[in-house]
Protein chains: 2
Amino acid sequence: MPTDDSTKTLRTTATSIEILKQLEAIDGARVSEIAERMDKPKSTIHGHLATLKQEQFVIKEGDFYFIGPELLRLGNQVRTREPAFVLARQFTERLFEETRLRSIFTVEMGGKAVFLHTASGSKMGWSHEQLGNRLFLHNTAVGKAILAELPEPRIEQIIDRWGLPQETENTTTDREALFEELERVREQGYAVNRAENFNELYAIGVAATRRSGDVIGGFSVTGPAHSVTGEDRKAELAHTVKDIVSEFELELALA
Amino acid sequence: MPTDDSTKTLRTTATSIEILKQLEAIDGARVSEIAERMDKPKSTIHGHLATLKQEQFVIKEGDFYFIGPELLRLGNQVRTREPAFVLARQFTERLFEETRLRSIFTVEMGGKAVFLHTASGSKMGWSHEQLGNRLFLHNTAVGKAILAELPEPRIEQIIDRWGLPQETENTTTDREALFEELERVREQGYAVNRAENFNELYAIGVAATRRSGDVIGGFSVTGPAHSVTGEDRKAELAHTVKDIVSEFELELALA
DNA sequence: ACCAGCTGTTCGACTATCCTGAACTTTAAA
DNA sequence: TTTAAAGTTCAGGATAGTCGAACAGCTGGT
């Protein structure tokens, strides 16, 4: 269920943002290219780009416009807002060193899972940097690990907002079943994603909490299902992730 | 002299952006807090925030607003636009592993030096993640290394735009002197920053180019001046950075 | 060298729409 | 319960964004 937008929104700001999204979609563009795509006069687009350029939200190279460094700077603030997020980076990298699997640090924002740090080896085909991407909580490993630590009303609230959309045949779409799984996650201390949002994907996620009990985020390792096989291997991985999280929580408590 | 376009800019977009900057400055804020700081009615700010929230440029937690994940996602596109930039990340990390000094990958955008990747150890006090920050080219190590590889008209253009502002007593503020130093950089293959933009800072930077000859960006290592001493050590560091750059250029050429 | 066709940019008038202040609702504290 | 302060809604009026046309600058073709 999509969110409400009944409230009057600012058209001007909205089109400025739309232009930024266009610039991201295609890799930089000229004025008329965007004008055509958005079905708006060139002069309008030009005005927006001039404003965005002044703030360095876009930069201009020749006649091409690109996303600018100020956007990178501001966006990055999401990752530095909390000291815990900054600390999490090196633990993400350690997790990768130990497992040699793509490692991610994720936080919950607005009821979704947002990637803040990723670490992966050189030759990993699909390792685009997906920072800021938003995934569902109910069908990802860290997502479920985080959910399991949230107070129940909050869980309800999130499910009400986003529902339990089915993305593969393995997705848990039943409310009851999800809560049962969360209980299992709490017992064993980690969550597993068995191709629930992408086929052929296997992931293990563990939530990190403060001493107060509330969740900071979660660490996870991800790999192609066919390469992560055998109960021993899986158990060992779960153990490794849990260890990293423990050390992370400890270091955070000491700081 | 700063380039100020007197061209009509869009007020609405400009204030939306101003709000984002306020949210970054203080760490998340409520409506009235921003309204007060910007000396505008609450209802105005509310409208902007509602629009920004709809696009996930901000998120709302309780009555507090924070920079949102969509901004992180868009901003990060700056780092993934070119495959070379993505590849540069792992080399930045390797550089850190080998030198144990804060390592940075920087590109030139709009005549300034923009940090795209940083790698530094756990216990480095000042290692805030400054991605997207913009520094001058004339008084930084990578900056000079990059300048040295640019065609002369471009260098002139950049100096005309930003000037040669003095930031410490070591800053080169004379045009002639700068060109002489760039010549030296070309000869030795690396540039040095001897506390030219921050006191007590020492840095070595090397530019990376494509086979076509044009610059991709540059790698650098940075440390407190008092900890990087001795000509041997410095020469060894320069050698290490140059090696990394060579390997980077090679791998890029092969891909 | 010239022109044709494309781009980016400027400009002024119109009117859509953003701003504003006040009214209303909600939350928190006294 | 009352008070205060914050968030949110609303409608009218003035501002400021939109639009189209005209200008300028570049590119490639003939």
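Bear in mind the structure is a predicted one, so any value in this text is a computation, not a measurement. Here is the naming used below: chain letters follow the sequence lines, and residue numbers restart at 1 for every chain.
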Checklist entry - Within less than 4.0 Å of OP1 or OP2 of C/dT20, is there a side-chain N or O belonging to B/Thr44? => result yes

Item to check | OG1-CD1 distance between B/Thr15 and B/Ile34, expressed to the nearest 0.5 angstrom | outcome: 11.5 Å

Next on the checklist: Could you check whether B/Glu70 pairs with B/Arg73 (Lys NZ or Arg NE/NH1/NH2 to Asp/Glu carboxylate O, under 4.0 Å)?
Outcome noted: yes

Checklist outcome for this item: In short, the helix from C/dA1-D/dT30 to C/dA30-D/dT1 is bent end to end, axes from five pairs each side, to 10°, by 50°

Checklist entry - How would you list, by chain and number, every residue that makes a ring-ring contact (aromatic ring centres under 6.0 Å, His included) with A/Phe91, sequence neighbours excluded? => result A/Phe248

What protein N or O atoms touch nucleotides 4-8 of chain C N or O atoms at under 3.5 angstrom, if any, and at what distances?
| residue | atom | partner | partner atom | Å |
| --- | --- | --- | --- | --- |
| C/dG8 | OP1 | A/Val31 | N | 2.9 |
| C/dG8 | OP2 | A/Ser32 | N | 2.9 |
| C/dG8 | OP2 | A/Ser32 | OG | 2.8 |
| C/dG8 | N7 | A/Lys42 | NZ | 3.0 |
| C/dG8 | O6 | A/Lys42 | NZ | 3.3 |

Checklist entry - Hey, what do you get for CG (A/Leu135) to CG (A/Asn133), rounding to the nearest 0.5 Å? => result 6.5 Å

Next on the checklist: Could you tell me if B/Glu167 and B/Asn139 have a donor-acceptor pair between their side chains, going purely by distance under 3.5 Å?
Outcome noted: yes

Item to check | Check: A/Ala35 main-chain N/O paired with A/Ser32 side-chain donor or acceptor under 3.5 Å | outcome: no

Checklist entry - With a non-hydrogen cut-off below 4.0 angstrom, is A/Thr15 in contact with a base, only sugar-phosphate, or nothing? => result sugar-phosphate

Item to check | Interatomic distance where CD1 belongs to B/Ile34 and P belongs to D/dA6 [whole Å] | outcome: 14 Å

Item to check | Pairwise 5' ranking along DNA chain C for A/Ser43 and A/Thr13, keeping only the more 5' one | outcome: A/Ser43

Item to check | Cation over ring face, A/Arg79 and A/Phe85, 6.0 Å, 45° | outcome: no

Item to check | Value in whole Å for how far the P atom of C/dC18 lies from CD1 of B/Ile45 | outcome: 15 Å

Next on the checklist: Can you list everything that forms a ring-ring contact (aromatic ring centres under 6.0 Å, His included) with B/His138? Sequence neighbours excluded, please.
Outcome noted: B/Phe136

Checklist entry - Could you state the NE2-P distance from A/His48 to C/dT9, rounded to the nearest angstrom? => result 15 Å

Next on the checklist: For residues 143-157 of chain A, which residue pairs pass the salt bridge (charged side-chain N to carboxylate O under 4.0 Å, His left out) check, not counting sequence neighbours?
Outcome noted: A/Glu108-A/Arg154, A/Lys144-A/Glu181, A/Lys144-A/Glu196, A/Glu156-A/Arg175

Item to check | Distance, rounded to the nearest Å, where B/Glu61 contributes CD and D/dG7 contributes C1' | outcome: 17 Å

Checklist entry - Does any N or O in the side chain of B/Ser220 come within less than 3.5 Å of the main-chain N or O of B/Val142, such that one atom is a donor and the other an acceptor? => result no

Checklist entry - Side chains of A/Ser16 and B/Thr13: do they bring a donor and an acceptor to under 3.5 Å? => result yes

Next on the checklist: I need the NZ-P distance between A/Lys53 and C/dT9, as an integer number of Å.
Outcome noted: 7 Å

Checklist outcome for this item: In whole angstroms, the gap separating C1' of D/dA6 from CG of B/Leu49 amounts to 14 Å

Could I get a table of every N or O pair under 3.5 Å where one atom is in the protein and the other is in nucleotides 13-16 of chain D?
| residue | atom | partner | partner atom | Å |
| --- | --- | --- | --- | --- |
| D/dA16 | OP1 | B/Arg11 | NE | 3.1 |

